[in-house]
2 protein chains.
Amino acid sequence: MDSMGIMARKPTAADQALRLDNQICFAVYSTAHAFNRVYKPLLDRLGLTYPQYLVMLALWERDDVAVKDLGERLFLDSGTLTPLLKRLEAAELIRRTRSTEDERVVLIALTPQGHVLREKARAVPQSILAASDCTVGELMAMKDEIVALRDRLNAVLGE
Amino acid sequence: MDSMGIMARKPTAADQALRLDNQICFAVYSTAHAFNRVYKPLLDRLGLTYPQYLVMLALWERDDVAVKDLGERLFLDSGTLTPLLKRLEAAELIRRTRSTEDERVVLIALTPQGHVLREKARAVPQSILAASDCTVGELMAMKDEIVALRDRLNAVLGE
DNA sequence: ATATTTTATATTGTGCGCAATATATTTGCG
DNA sequence: CGCAAATATATTGCGCACAATATAAAATAT
């Protein structure tokens, strides 16, 4: 074998598969970071990090929900959410209260400031759309493909 | 306004744009995490984290390169790479040496073990392909679309 | 040649993201 | 009922990611 890459060897399919540029995972990984960087200045104005923004998006659709519920919607666990939610509570955007029906559950509710922030967030998607330099239709088609891939990957994990 | 969501109001385009399920960024973000979780057991066997795997992929293609060069290929800065590379050095997969031509530059070279690890990594892409439950063609087409989006996002940042 | 600017890497601090573990509550089984 | 298993959240530790800053070397300007 030519594991040192010194001797000449015909590139195999396995070689091609290891090329960085052929990795869809790297495409996804690096695009996620690119999104993060584009969002940064927009979210700074809202006082949110990107994961915090996702939590707020989820809560603007439906709040008074358990941490577990949020975790399922965002694919995050309590190890990530608990400290993040504590920071949102410190920022007075949400309240965390133990459920009286089930003392294990912590319910997350928006504060008035949390609700109001939604208005300031309305301009964000438009800025992102402009930065992506795509039509809404193109982005939504791509989104559907990526989500389908994500769901297949998650299905494998569930086995 | 109905920022509290209490009064009835016709959903606007801005409302739709704020829905979590409509966010391509969330699709990308959650897919990146899904990939991470699928890779985890495969990379554990190699003793690598996912970002370390990406660095190794880059180095298997071309090593004896500056940290800067690696950073440009992976879209990462020295704040991320320096500690990561120190860990790969501690694992004896790479060597870090100051360039004699330009004392600012740290050159990254694979050790023999680093080269050898490539053979163990050959099985990884195949496992990922199986988990994605797609054809190579479908994945590559999707990859190209995502990369095009990433490059447009990065172009905006460069302005 | 010296001073200024630029470049390459390293360091520090904050916030994820997740595995592993801990704690408390609830559910279900006998 | 009493106890084991399951469930929900919290905690700890590690490794990114990145902004801000520091340091040192090289390039450039004057």
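Keep in mind it's a predicted model, so treat the numbers as computed, not measured. Per chain, numbering begins at 1; letters A, B, ... match sequence-line order.
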ask   = Where along nucleotides 6-19 of chain C does protein come under 4.0 Å, by heavy atom, of base (B) or sugar-phosphate alone (S), with - for untouched nucleotides?
value = -BSBBB---SSBBS

Separation of [N] [atom2] from [X] [atom1] (nearest whole Å):
| X | N | atom1 | atom2 | value |
| --- | --- | --- | --- | --- |
| B:L88 | D:dC14 | CG | P | 18 Å |
| B:E101 | D:dA27 | CD | P | 11 Å |
| B:Y53 | D:dG15 | OH | C1' | 19 Å |

Evaluation steps, ring-ring contact (aromatic ring centres under 6.0 Å, His included), between A:Y29 and B:F35 = CA-CA 9 Å; A:Y29 165 91; B:F35 265 122; over 10 Å; no

note = Sorted by chain and residue number, the side chain to side chain donor-acceptor pair (under 3.5 Å) partners of B:E89 (sequence neighbours excluded) come out as B:R96

message = Nearest 0.5 angstrom please: B:R87 CZ to B:L48 CG, how far?
response = 12.5 Å

key: Positive for side-chain contact (heavy atoms from CB on, under 4.5 Å) with B:I108, one of B:V67, B:D63, B:L81   = B:V67

remark   = Sequence neighbours excluded, the answer for ring-ring contact (aromatic ring centres under 6.0 Å, His included) partners of B:F26 is none

